[in-house]
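Below is one structure; the comments refer to it alone.
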Amino acid sequence: MKEETMHIANGNYIVIEGNIGAGKTSLSKLLSTDLNARLILEEFSDNPFLPLFYKNAERYAFPVELFFMTERHKQLQDLLMKGNLFQKYVVSDYIFSKTLLFAGQNLVDEELRLFQRLFHTLNASFPKPHLLVYLHRSVDNLLTNIYKRGRAYEQDISAAYLSKIQNAYFDFFRMVEHDLSILVLDVEGLDFINNPEHYQMVVQQIEKKYSKGLHHWKLEPSKN
């Protein structure tokens with residue numbers, strides 16, 4: 001067993017969040033390796049309604065969100081709620097609350113009210129993360145990353161939709177900042193996947209102790 005080479009001061013359950021194309025999954029994988037952590041990755045590619053949603057959001061919003069919620073719930077029940085004696089940390093690339101965050105942008109009226117009732121029932125059993133890290137990038141940067149990774153069903157995502165999701169995240173943070181330690185990292189211009197120096201900049205901030213509330217850091221790459 002590999003011993004972790006870093007230590008998270010806040011606790012052992014860390015969530016990496018971010019808009020579409022921010023790099024949350026890539027960072028979660030890197031951190032899980034360094035921490036010898038149990039890794040929980042959202043299985044979004046299994047959602048059969050997702051490609052249809054990006055083409056016709058109004059028609060497919062409810063089934064796409066319902067599928068996401070049930071799959072997230074099942075995965076977190078299986079991986080988060082069951083202990084592992086050999087892994088001290090858990091790193092996830094999503095928080096279950098994002099289920100309601102996205103639904104609030106895509107559903108209306110009776111569908112949204114029904115969805116909210118189902119969500120609150122399912123969410124009641126899950127622990128809160130000790131640290132929620134949000135990777136912030138500009139919408140232009142997100143669009144560039146989405147284009148580069150080349151998922152066909154994502155190529156129709158608009159700048160307006162990304163802006164709407166970005167605003168929804170910050171509205172959510174303002175609502176829960178008294179209950180969670182939230183670290184917003186502005187990683188514009190950073191390539192923590194391919195540049196070890198950039199990755200260490202991110203790690204140094206994540207390792208720190210944060211009180212409950214909203215904390216913001218802008219990471220600037222060195223100019224050599």
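What you see below is based on every heavy atom in this structure, not just the backbone, and it leaves out hydrogens, waters and symmetry mates. Sequential numbering from 1 along the given sequence is applied to the chain's residues.
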Could you give the side-chain donor-acceptor pairs of residues 180-188 under 3.5 Å, partners two or more places apart or in another chain?
from   : atom 1 : to     : atom 2 : distance (Å)
Ser181 : OG     : Asn10  : ND2    : 3.3
Ser181 : OG     : Tyr210 : O      : 3.2
Ser181 : OG     : Ser211 : O      : 3.3
Asp186 : OD1    : Glu188 : N      : 3.1
Glu188 : OE1    : Ser138 : N      : 2.8
Glu188 : OE1    : Ser138 : OG     : 3.3
Glu188 : OE2    : Ser138 : OG     : 2.8

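To the nearest 0.5 Å, atom CZ of residue Phe172 and atom CD of residue Glu177 are 11.5 Å apart. If you take CG on Leu41 and NZ on Lys29, they are separated by 6.0 Å, rounding to the nearest 0.5 Å. Annotation: the span from Leu66 atom CG to Leu118 atom CG amounts to 7.0 Å, rounded to 0.5 Å. Distance check, rounded to the nearest 0.5 Å: CD1 of Ile40 to CZ of Arg72 gives 13.0 Å. The CZ atom of Arg38 lies 7.5 Å from the CG atom of Leu80; values are rounded to the nearest 0.5 Å. Summarising the geometry, atom CD belonging to Glu65 is positioned 9.0 Å from atom CE belonging to Met69; distances are rounded to the nearest 0.5 Å.
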Evaluate the criterion side chain to side chain contact (heavy atoms under 4.5 Å, CB included) for residue pair Tyr199 and Asp34; output intermediate values, then yes/no.
CA-CA 11 Å; Tyr199 173 63; Asp34 284 348; 2.6 Å; yes

Determine, stepwise, if the pair Ile146 / Leu162 fulfils side chain to side chain contact (heavy atoms under 4.5 Å, CB included).
CA-CA 11 Å; Ile146 290 169; Leu162 293 174; 4.0 Å; yes

Going through the distances and angles, do Phe126 and His73 end up as a side chain to side chain contact (heavy atoms under 4.5 Å, CB included)?
CA-CA 9 Å; Phe126 290 138; His73 181 266; 3.5 Å; yes

Apply side chain to side chain contact (heavy atoms under 4.5 Å, CB included) to Leu31 and Val203, showing your working.
CA-CA 8 Å; Leu31 289 173; Val203 166; 4.2 Å; yes

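Following chains of ILVMFWY side-chain contacts shorter than 4.5 Å, one cannot reach Tyr147 starting from Leu143, and the two form parts of different hydrophobic clusters. Grouping the Ile, Leu, Val, Met, Phe, Trp and Tyr side chains by contacts below 4.5 angstrom, directly or via other members, places Val108 apart from Phe115.
Note on Lys74 versus Glu71: no salt bridge recorded, every NZ/NE/NH1/NH2 to OD/OE distance being 4.0 Å or above. We find that Lys24 and Glu42 are not joined by a salt bridge, their nearest charged nitrogen and carboxylate oxygen being 4.0 Å or further apart.
Note: Tyr89 and His130 fail the aromatic proximity criterion, with ring centroids not under 6.0 Å apart. Ring centroid separation for the pair Phe96 and Phe119 comes in under the 6.0 Å cut-off.
Of all non-hydrogen atoms in Ser28 and Asp93, the two that sit nearest each other are OG-CB, 3.4 Å. Between Gln166 and Val139, the shortest heavy-atom distance links the atoms OE1-CG2, 4.4 Å. The two residues Gly213 and His215 make their nearest non-hydrogen contact at O-CD2, 3.4 Å.
Side-chain contact between Lys128 and Tyr13 is absent, with no heavy atoms from C-beta onward closer than 4.5 Å. Taking the side chain as every heavy atom from C-beta outward, Gln116 and Leu112 approach each other to under 4.5 Å. Between His136 and Lys218 the shortest side-chain heavy-atom distance does not fall below 4.5 Å. Looking at heavy atoms from C-beta onward, Leu107 lies out of side-chain contact with Phe102 at the 4.5 angstrom threshold.
By the 6.0 Å contact criterion, CZ on Arg174 is enclosed, its count of non-hydrogen atoms from other residues, nucleotides or ligands being greater than 12. Residue Lys208 qualifies as enclosed at atom NZ: its count of foreign heavy atoms under 6.0 Å is above 12. Under a cut-off of 6.0 angstrom, the local environment of CZ in Arg149 is crowded, with over 12 non-hydrogen atoms contributed by other residues, nucleotides or ligands.
Using bins of under 30°, 30° to 60° and over 60° for the plane-to-plane angle, the ring pair Tyr134/Tyr169 lands in the tilted bin.
Between the side chain of Asn106 and the main chain of Ala57, no donor-acceptor pair closer than 3.5 Å is present. Between the side chain of Asn47 and the main chain of Phe67, no donor-acceptor pair closer than 3.5 Å is present. Not a single donor-acceptor pair under 3.5 Å links the side chain of Arg137 to the backbone N or O of Leu142.
Here the rule is side chain to side chain contact (heavy atoms under 4.5 Å, CB included) with Ile16, and of Leu135, Leu132, Ile95 only Leu135 fits it.
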